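Keep in mind the model is a prediction, meaning the values are calculated, not measured.
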Amino acid sequence: MRRLRVLGPTLCAGIAAVAMVLGAGPASGQADERIPRYDVRIQIQRDDSITIRETIAYDFGSQQRHGIYRDVPTRLRYDDTYDRIYPLTVLSVTGSPGTPVQYTTESIEGGITRIKVGDPDRTIQGRHTYELTYRIGAALNGFPDHDELYWNAIGDDWPVPIDRATVRVSGPGAVERVACFSGPTGSNLPCGSAKLRDGIATFAQQDLPAHQALAVVAGMPKGVVASPAPVLEERWSVDRAFSATPPIAGAFFGLLVLVLAGFGTLVWRTGRDRRFVGSQVDVVMGAPPGTPDRAVPLFEGGTAPVEFAPPEDLRPGQIGRCSTRSPIRST
């Protein structure tokens, strides 16, 4: 059997969750809060997606809480150009008797999809059990000799300790290779237990401290699932947005033409002087009321008649210093 190949942390899809505080944001984790049991069941589908069912027994102790929320990273950096997208669909949320299980989903900063479970108008105490079922698309990674699921089954954002965590991974075919890691983000320390029996992988970890994760790896032969293909989306950047590619250059040139055409139309319609229609004398000296006017043609040549008297209704101070001599000298 070949050695299992494991992807680096930047390609691993993670899951994180934190407790929800009364009327505010995430809790820092009180001394009497803990998770006695955290069970994860992952079913690999033939279409390269996975269905996850989480059973979380959360003991709020004496703290007043509305519920929990689950932060699932659905966008991770893939390389310098692309982000990898993990489409998420919530299938169901249930709970133990007396546990409010209404939920909402929202996208938050950092490529996170948040599943918020609880009643904003009601607080609870003590132990409550939540069961969340959701589907993640395009979850596997393909290699030449096998396909692989690398998944942070329990993220490192829980602010309370977890007494016992278990993970079970099964698929349409037998799982042949397993590995697991526990600890802070990026840890390569093995988890407490990783077993393979009858093609099903099981993992376990006792006493997982607050803000520590459990990641599992399960490998299967090629052909069991559809050829894994990550969903990639180009990451926006200022340099890329304004790079001089043919489509962008064409769009810029088209926009420039539209702006110049619009400005020219505006000048043509409203930016030219107007004058009375008639002889040059009427144009200069004025015309009777009601005489139509028109826009002065662009680039008009020719000369205008000389006016030998100041315009009516204007005082010398309004037109500047006047000469006492005639403006025309005869020769």
Side-chain angles (χ1 to χ4, degrees), residues 1-18 29 34-35 37-44 48 50 52 54 56 70-80 82-86 110-112 136 138-171 174-197 199-222 225 228 230 232:
M1 180 180 295
R2 294 187 179 91
R3 183 178 180 182
L4 181 68
R5 181 178 178 183
V6 177
L7 291 180
T10 57
L11 296 182
C12 172
I15 298 178
V18 293
R34 63 192 311 103
I35 299 176
R37 182 173 59 90
Y38 197 132
D39 296 327
V40 183
R41 299 293 180 264
I42 302 176
Q43 177 70 36
I44 300 173
D48 185 29
I50 57 176
I52 301 175
E54 300 178 352
I56 305 168
R70 300 285 287 101
D71 285 350
V72 183
T74 50
R75 175 187 289 267
L76 296 175
R77 184 183 181 89
Y78 185 78
D79 57 24
D80 291 339
Y82 294 96
D83 288 336
R84 182 170 180 176
I85 308 301
Y86 295 88
I112 303 295
I136 300 289
L140 273 67
N141 306 296
F143 297 99
D145 60 341
H146 73 284
D147 295 326
E148 179 182 290
L149 174 69
Y150 188 134
W151 200 255
N152 277 352
I154 298 176
D156 64 356
D157 281 346
W158 284 104
V160 298
I162 299 173
D163 294 344
R164 177 173 174 78
T166 61
V167 182
R168 181 179 185 271
V169 180
S170 59
V175 176
E176 294 185 346
R177 312 174 186 188
V178 296
C180 65
F181 308 95
S182 65
T185 300
S187 172
N188 58 3
L189 297 175
C191 69
S193 172
K195 298 180 179 180
L196 188 58
R197 182 177 180 181
I200 297 176
T202 58
F203 309 88
Q205 178 67 43
Q206 299 280 354
D207 300 323
L208 192 64
H211 299 293
Q212 293 201 15
L214 174 62
V216 301
V217 187
M220 295 187 300
K222 299 294 290 185
V225 299
L232 302 180

All side chain to side chain contact (heavy atoms under 4.5 Å, CB included) counterparts of Ile112, not counting sequence neighbours:
Asp71, Pro73, Ile108
From the list Asn152, Val178, Val167, side chain to side chain contact (heavy atoms under 4.5 Å, CB included) partner of Val216 resolves to Val167
If I take atom CZ from residue Arg168 and atom CD1 from residue Ile200, how far apart are they, to the nearest 0.5 angstrom?
4.0 Å
Value for CH2 (Trp158) from CZ (Arg70), rounded to nearest 0.5 Å, stands at 6.0 Å
Does Ile136 reach the side chain of Val72, with side-chain heavy atoms less than 4.5 Å apart?
yes
Could you measure the distance from the CZ atom of Arg75 to the CD1 atom of Ile85? Nearest 0.5 Å is fine.
3.5 Å
Arg84 and Tyr86: side chain donor to acceptor below 3.5 Å
yes
Would you please name every residue forming a salt bridge (charged side-chain N to carboxylate O under 4.0 Å, His left out) with Asp207, sequence neighbours left out?
none
Should the ring pair Phe181 and Tyr150 be called parallel, tilted or perpendicular, given that the plane angle runs from 0 to 90° and is split at 30 and 60?
parallel
Would the distance check show the side chain of Ser187 and the main-chain N or O of Ser182 forming a donor-acceptor pair, the cut-off being under 3.5 Å?
yes
For Trp151, run the side chain to side chain contact (heavy atoms under 4.5 Å, CB included) check against Ile52, Val40, Leu214, Val217 and tell me which one passes.
Ile52
Under a 4.0 Å threshold between the charged nitrogen and the carboxylate oxygen, would Asp163 count as salt-bridged to Arg37?
no
